[in-house]
**Student:** 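Structure provided below as structure tokens; questions to follow.
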Amino acid sequence: MQAINIIHSRFVPLQMENVDTDQIIPARFLKATTRDGFGKNLFRDWRYENNDETKPKAGFVLNDPAYTGEILVAGKNFGCGSSREHAAWSIHDYGFRVVVSSFFADIFKNNALNNGLIPVQVSDVFLDKIFSLENGSTLTINLEQQTITIDKTAEQESFEISDYKRTCLLNGYDDIDFLLSIKADIEEFEKHPA
């Protein structure tokens with residue numbers, strides 16, 4: 001995993017609520033067991049007419065080249081539905097490093113954190129402020145300070161993340177890497193248990 005601290009980027013606004021994991025990555029694409037290649041099927045049924053990549057739907061935000069960035073901003077209750085880890089894989093593989101919403105399904109949130117994707121939960125009011133920004137506006141996510149800032153206005157909110165997952169993301173650790181990073185402490189504890 002890549003270490004993350006500050007992400008300063010434009011954002012892609014997905015103004016939809018209750019986006020479930022089957023909409024994020026349809027079940028027919030869950031055959032692979034590695035994380036690579038899922039990004040091309042992110043929001044597949046919303047992006048293409050009749051599953052045809054040569055017929056992108058003009059009204060869908062990911063098909064509009066004017067919207068770019070490493071941050072996906074979505075409506076309330078993002079990642080609900082089934083527990084498929086592939087949803088986080090597809091968002092990350094597409095190029096997003098952060099998802100902002102006013103509420104995340106717990107399983108999706110944990111899957112995101114385990115796969116190097118930062119779920120930033122903000123208030124409904126702050127989310128509305130982001131959605132009201134013009135295209136090209138930027139956000140800054142500071143993982144160490146646990147803040148999200150609207151750069152144009154300097155308005156800021158804090159977000160919650162477990163200390164353990166924050167440490168892992170800041171250092172680019174998965175769970176095994178974290179254990180290896182504290183190997184000396186573990187060995188010392190084994191020699192002198194409490």
Side-chain angles (χ1 to χ4, degrees), residues 1-75 77-101 103-121 135 138-139 141 143 161 165-166 168-180:
M1 240 187 323
Q2 183 181 8
I4 302 170
N5 184 4
I6 295 174
I7 294 181
H8 173 79
S9 175
R10 292 173 61 182
F11 64 91
V12 176
L14 182 67
Q15 288 187 270
M16 296 179 180
E17 293 187 354
N18 305 311
V19 175
D20 69 39
T21 53
D22 194 51
Q23 294 160 329
I24 296 169
I25 182 74
R28 65 186 180 277
F29 298 110
L30 304 185
K31 297 171 187 161
T33 55
T34 64
R35 300 174 191 184
D36 300 323
F38 282 93
K40 72 176 189 168
N41 294 313
L42 176 65
F43 301 119
R44 179 72 179 216
D45 293 336
W46 290 347
R47 285 169 67 190
Y48 304 110
E49 296 287 345
N50 301 318
N51 198 31
D52 184 347
E53 290 181 30
T54 65
K55 296 180 182 174
K57 293 180 181 177
F60 189 63
V61 69
L62 290 189
N63 294 333
D64 187 341
Y67 292 99
T68 63
E70 294 182 291
I71 302 169
L72 176 66
V73 179
N77 198 24
F78 187 83
C80 55
S82 71
S83 61
R84 65 187 66 162
E85 189 172 23
H86 303 74
W89 292 0
S90 63
I91 294 167
H92 192 275
D93 190 58
Y94 186 84
F96 293 114
R97 297 298 167 254
V98 176
V99 180
V100 178
S101 178
F103 182 80
F104 291 99
D106 285 340
I107 294 173
F108 172 82
K109 187 174 187 177
N110 288 327
N111 285 338
L113 289 167
N114 288 335
N115 287 284
L117 184 66
I118 305 171
V120 174
Q121 188 166 320
N135 184 22
T138 58
L139 303 172
I141 286 76
L143 181 58
I161 186 170
K165 285 302 177 184
R166 185 170 67 99
C168 288
L169 289 166
L170 286 168
N171 292 285
Y173 294 159
D174 62 16
D175 292 335
I176 302 296
D177 294 327
F178 177 79
L179 288 174
L180 291 173

**Student:** Which heavy atom of Asn51 sits nearest a heavy atom of Arg44, and at what distance?
**Tutor:**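 Closest approach of Asn51 to Arg44: OD1-NE, 2.7 Å.
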**Student:** Say you draw a straight line from CD1 of Ile118 to CD1 of Ile161; how long is it, rounded to the nearest 0.5 Å?
**Tutor:**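 Nearest 0.5 Å value for the CD1-CD1 distance: 6.5 Å.
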**Student:** May I ask you to decide if Ser82's main-chain N or O and Thr21's side chain share a donor-acceptor pair within less than 3.5 Å?
**Tutor:**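 A pair under 3.5 Å: yes.
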**Student:** So, does Asp174 use its side chain to make a donor-acceptor pair with the main chain of Ile176 at under 3.5 Å?
**Tutor:**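 Checked: pair present.
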**Student:** Can you tell me how far the CG atom of Asn171 sits from the CD1 atom of Ile4, to the nearest 0.5 Å?
**Tutor:**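 Here the interatomic distance stands at 11.0 Å.
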**Student:** Please name the pair of heavy atoms, one in Ser9 and one in Gly69, separated by the smallest distance, quoted to 0.1 Å.
**Tutor:**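 Smallest heavy-atom distance, with atoms named: OG-CA, 3.3 Å.
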**Student:** Could you tell me which non-hydrogen atom of His92 sits nearest to which non-hydrogen atom of Gly116, and how far apart they are?
**Tutor:**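 Result for this residue pair: CD2-O, 3.5 Å.
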**Student:** Donor-acceptor pairs are to be reported for all side-chain atoms of residues 57-67 against protein atoms at under 3.5 Å, with residues two or more places apart or in another chain.
**Tutor:**
| unit_1 | atom_1 | unit_2 | atom_2 | d |
| --- | --- | --- | --- | --- |
| Lys57 | NZ | Asp45 | O | 2.9 |
| Asn63 | ND2 | Arg47 | O | 2.8 |
| Asn63 | ND2 | Lys57 | O | 2.9 |
| Asp64 | OD1 | Ala66 | N | 2.9 |

**Student:** Any side-chain to backbone donor/acceptor pair from Asn77 onto Asn18? Under 3.5 Å, distance only.
**Tutor:**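 Side chain of Asn77 to backbone of Asn18, a donor-acceptor pair under 3.5 Å: no, none is there.
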**Student:** Are any of the side-chain heavy atoms of Leu139 and Val120 separated by less than 4.5 Å?
**Tutor:**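 Heavy-atom side-chain distance check fails, nothing below 4.5 Å.
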**Student:** Can you tell me how far apart CD1 (Ile107) and CD (Glu85) are? Round to the nearest 0.5 Å.
**Tutor:**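 Here the rounded value is 11.5 Å.
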**Student:** Between the main-chain N or O of Ile25 and the side-chain N or O of Arg84, is there a donor-acceptor pair closer than 3.5 Å?
**Tutor:**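 Confirmed, Arg84 side chain pairs with Ile25 backbone.
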**Student:** If we only count heavy atoms from C-beta on, is the Ser90 to Ile24 side-chain gap below 4.5 Å?
**Tutor:**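 With C-beta onward as the side chain, the pair touches.
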**Student:** What pair of heavy atoms forms the shortest contact from Ser101 to Phe78, and how long is it?
**Tutor:**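 Taking Ser101 first and Phe78 second, the nearest heavy atoms are OG-CB, 3.9 Å.
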**Student:** Can you see which heavy atom on Gln23 is nearest to which on Val19, and at what distance?
**Tutor:**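 Heavy atoms of Gln23 and Val19 come nearest at OE1-CA, 3.3 Å.
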**Student:** CG of Leu169 to CG of Asn114: how many Å apart, nearest 0.5 Å?
**Tutor:**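 Answer for the CG-CG pair, Leu169 versus Asn114, is 9.0 Å.
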**Student:** Look at the aromatic rings of His86 and Trp89 and report parallel, tilted or perpendicular, splitting at 30° and 60°.
**Tutor:**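 It falls in the tilted class, 30° to 60°.
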**Student:** Kindly give the heavy-atom pair with the smallest separation between Ile71 and Val100, and that separation in Å.
**Tutor:**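 For Ile71 versus Val100, the nearest heavy atoms are CG2-CG2, 3.9 Å.
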**Student:** Quick one: do Thr138 and Phe11 satisfy side-chain contact (heavy atoms from CB on, under 4.5 Å)? Show the steps, please.
**Tutor:** CA-CA 7 Å; Thr138 58; Phe11 64 91; over 6 Å; no
**Student:** Would you check if the side chain of Asp20 reaches a backbone N or O of Asp22 as a donor-acceptor pair within less than 3.5 Å?
**Tutor:**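 Yes, because the side chain of Asp20 sits within donor-acceptor range (under 3.5 Å) of the backbone of Asp22.
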**Student:** Calculate, to the nearest 0.5 Å, the distance between atoms CZ and CG belonging to Phe108 and Leu113 respectively.
**Tutor:**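 Separation between the atoms: 9.5 Å.
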**Student:** If you measure from CG on Leu42 to OH on Tyr94, what distance do you get to the nearest 0.5 Å?
**Tutor:**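 It is 7.0 Å, given to the nearest 0.5 Å.
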**Student:** Among all residues two or more places apart in sequence or in another chain, which pass the side-chain contact (heavy atoms from CB on, under 4.5 Å) test with Thr68?
**Tutor:**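 Checked Thr68 against side-chain contact (heavy atoms from CB on, under 4.5 Å); matches are Arg10.
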**Student:** Measure the shortest side-chain to side-chain distance between Met1 and Tyr173 over non-hydrogen atoms and say whether it is less than 4.5 angstrom.
**Tutor:**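 Contact flag for Met1/Tyr173 side chains = no.
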